[in-house]
Amino acid sequence: MSNKFVFDTADMNSIFKLRDALFMELYPIAKAHRPIIFLCIGTDRSTGDSLGPLVGYKLKFFSRKGIDIYGNLEQPVHAKNITIAISNIKSTYENPYIIAIDASLGNIQNVGKIILENRPVNPGAALNKDLPSIGDLSITGIVNMYGNLEFMILQNTRLNVVMQQAEVISQGIYHCLVKLFGGKKYSDSDISMENSLNSTSDDLAKG
């Protein structure tokens with residue numbers, strides 16, 4: 001992937017555009033049998049910074065051999081434990097391919113957009129935190145605009161913006177993984193969640 005992809009959550013086909021862009025990047029990774037790790041960064045204590053944990057929560061039922069998800073609402077990966085999480089991933093998996101998912105701030109006209117590119121994220125950059133860059137691929141959601149007092153901006157971000165981005169990202173990832181690896185047997189609760197994902201996608205496709 002040489003160029004970054006930008007997806008607008010207002011676009012009813014954004015889920016499928018994200019799925020296809022992810023598939024192009026992950027197909028050779030899957031063929032090489034590299035473990036694929038989704039590192040969902042953020043905290044549920046801040047609305048604007050909850051994008052990663054929300055995506056992790058929506059995807060947690062999909063963990064299977066060769067795929068793992070770190071970070072969700074129950075066990076978020078944030079500034080205080082991200083170094084430990086990264087160390088754990090690198091000691092557990094051989095040559096893992098890490099997809100980092102995080103919230104970011106940007107220009108007002110880009111709020112609500114999702115960016116996919118083959119570069120790491122710099123978690124905590126908006127808050128001037130010195131944390132390690134991470135990810136072979138990054139998915140970032142622009143949840144609010146730049147400004148002074150970024151901490152307050154993240155705290156006062158609209159939940160609706162974050163939820164829409166989390167929905168597009170989680171469903172795009174889900175449908176990409178199904179396209180790559182096919183389905184698998186789920187428990188009743190997992191099937192219910194999967195049907196919910198598919199129903200929403202069908203509604204979006206119909207417009």
Side-chain angles (χ1 to χ4, degrees), residues 1 5 7 9 13-44 50-78 81-82 85-86 88-90 92-103 114 116 118 121 134-141 162-205:
M1 183 187 299
F5 291 81
F7 309 95
T9 53
N13 291 314
S14 57
I15 288 172
F16 307 107
K17 291 178 179 178
L18 176 58
R19 174 200 64 189
D20 293 341
L22 267 175
F23 181 85
M24 286 192 298
E25 179 68 17
L26 294 183
Y27 181 77
I29 304 302
K31 285 294 183 182
H33 303 290
R34 289 180 64 183
I36 298 173
I37 310 298
F38 293 91
L39 180 60
C40 304
I41 304 165
T43 174
D44 60 337
S50 64
L51 178 63
L54 282 168
V55 172
Y57 169 78
K58 289 172 177 288
L59 289 175
K60 65 179 182 180
F61 73 96
F62 203 93
S63 286
R64 54 179 289 174
K65 185 177 180 180
I67 302 171
D68 210 347
I69 295 108
Y70 279 71
N72 54 51
L73 292 175
E74 184 179 2
Q75 296 179 312
V77 174
H78 45 64
N81 65 6
I82 189 169
I86 294 171
N88 187 9
I89 291 170
K90 292 185 176 180
T92 303
Y93 302 93
E94 182 178 353
N95 193 25
Y97 186 86
I98 300 175
I99 302 170
I101 301 168
D102 198 7
I114 296 163
L116 171 71
N118 57 346
V121 299
I134 184 64
D136 300 284
L137 188 73
S138 64
I139 303 175
T140 55
V162 180
M163 289 295 291
Q164 286 182 337
Q165 291 178 322
E167 189 75 359
V168 170
I169 293 170
S170 61
Q171 289 197 40
I173 291 172
Y174 167 78
H175 289 294
C176 173
L177 294 179
V178 168
K179 189 174 180 180
L180 277 172
F181 302 106
K184 70 167 197 172
K185 294 181 180 179
Y186 301 111
S187 66
D188 291 341
S189 61
D190 292 339
I191 290 172
S192 176
M193 186 178 294
E194 181 182 2
N195 288 339
S196 176
L197 282 168
N198 288 330
S199 295
T200 304
S201 296
D202 290 342
D203 292 341
L204 287 171

Output all residues satisfying side-chain contact (heavy atoms from CB on, under 4.5 Å) with N81, sequence neighbours left out; order by chain, then residue number. V77, H78
For the side chain of N72 and the backbone of P53, is there at least one donor-acceptor N/O pair under 3.5 Å apart? no
About how many Å separate CD1 of I101 and CG of L54, when rounded to the nearest 0.5 Å? 11.5 Å
Heavy-atom pair with the smallest gap, counting every atom of E94 and P35: O-CD, 3.4 Å
4.5 Å side-chain heavy-atom contact, L18 and Q171: no
Extract all donor-acceptor atom pairs below 3.5 Å that involve side chains of residues 36-43 and protein atoms in other chains or at least two apart in sequence.
residue	atom	partner	partner atom	Å
T43	OG1	R45	N	3.1

Could you report the tightest heavy-atom contact between T9 and V168, atom names first, then the distance? CG2-CG2, 4.0 Å
Could you pull out all residues at least two apart from Y27 that satisfy side-chain contact (heavy atoms from CB on, under 4.5 Å)? F23, K31, L180
Using salt bridge (Lys or Arg N to Asp or Glu O under 4.0 Å) as the criterion, list what pairs up with D44, not counting sequence neighbours. none
Measure the CZ-CG distance between F5 and N118 for me, rounded to the nearest 0.5 Å. 9.5 Å
Residues in salt bridge (Lys or Arg N to Asp or Glu O under 4.0 Å) with K90, at least two apart? none
Taking the side chain as C-beta and beyond, is there a heavy-atom pair between D68 and Y93 under 4.5 Å? yes
So I99 and I173, do their side chains get closer than 4.5 Å, heavy atoms only? no
Starting at NZ of K179, measure out to CG of L26 and round the result to the nearest 0.5 Å. 11.5 Å
Between V121 and S138, what is the shortest heavy-atom contact and its length? CG1-CB, 3.3 Å
Begin from the C-alpha positions of Y57 and Q75 and carry the test side chain to side chain donor-acceptor pair (under 3.5 Å) through to its verdict. CA-CA 9 Å; Y57 169 78; Q75 296 179 312; over 6 Å; no
Report the residues that fulfil side-chain hydrogen bond (donor to acceptor under 3.5 Å, both in side chains) with R34, sequence neighbours left out, ordered by chain and then residue number. N95
For residues Y174 and F61, determine if any side-chain heavy atom of one lies less than 4.5 Å from a side-chain heavy atom of the other. yes
What are the two closest non-hydrogen atoms of F62 and I69, and how far apart are they? C-CD1, 4.5 Å
Side-chain heavy-atom pair I114, I169 within 4.5 angstrom cut-off: yes
Nearest 0.5 Å, what's the CG-NZ distance between L116 and K17? 14.0 Å
Distance (rounded to the nearest 0.5 Å) between K65 NZ and F181 CZ: 12.0 Å
Is there a donor-acceptor pair under 3.5 Å between the side chain of S170 and the backbone N or O of E167? yes
Distance col, row I82:CD1 vs Y70:OH, nearest 0.5 angstrom, shows 12.5 Å
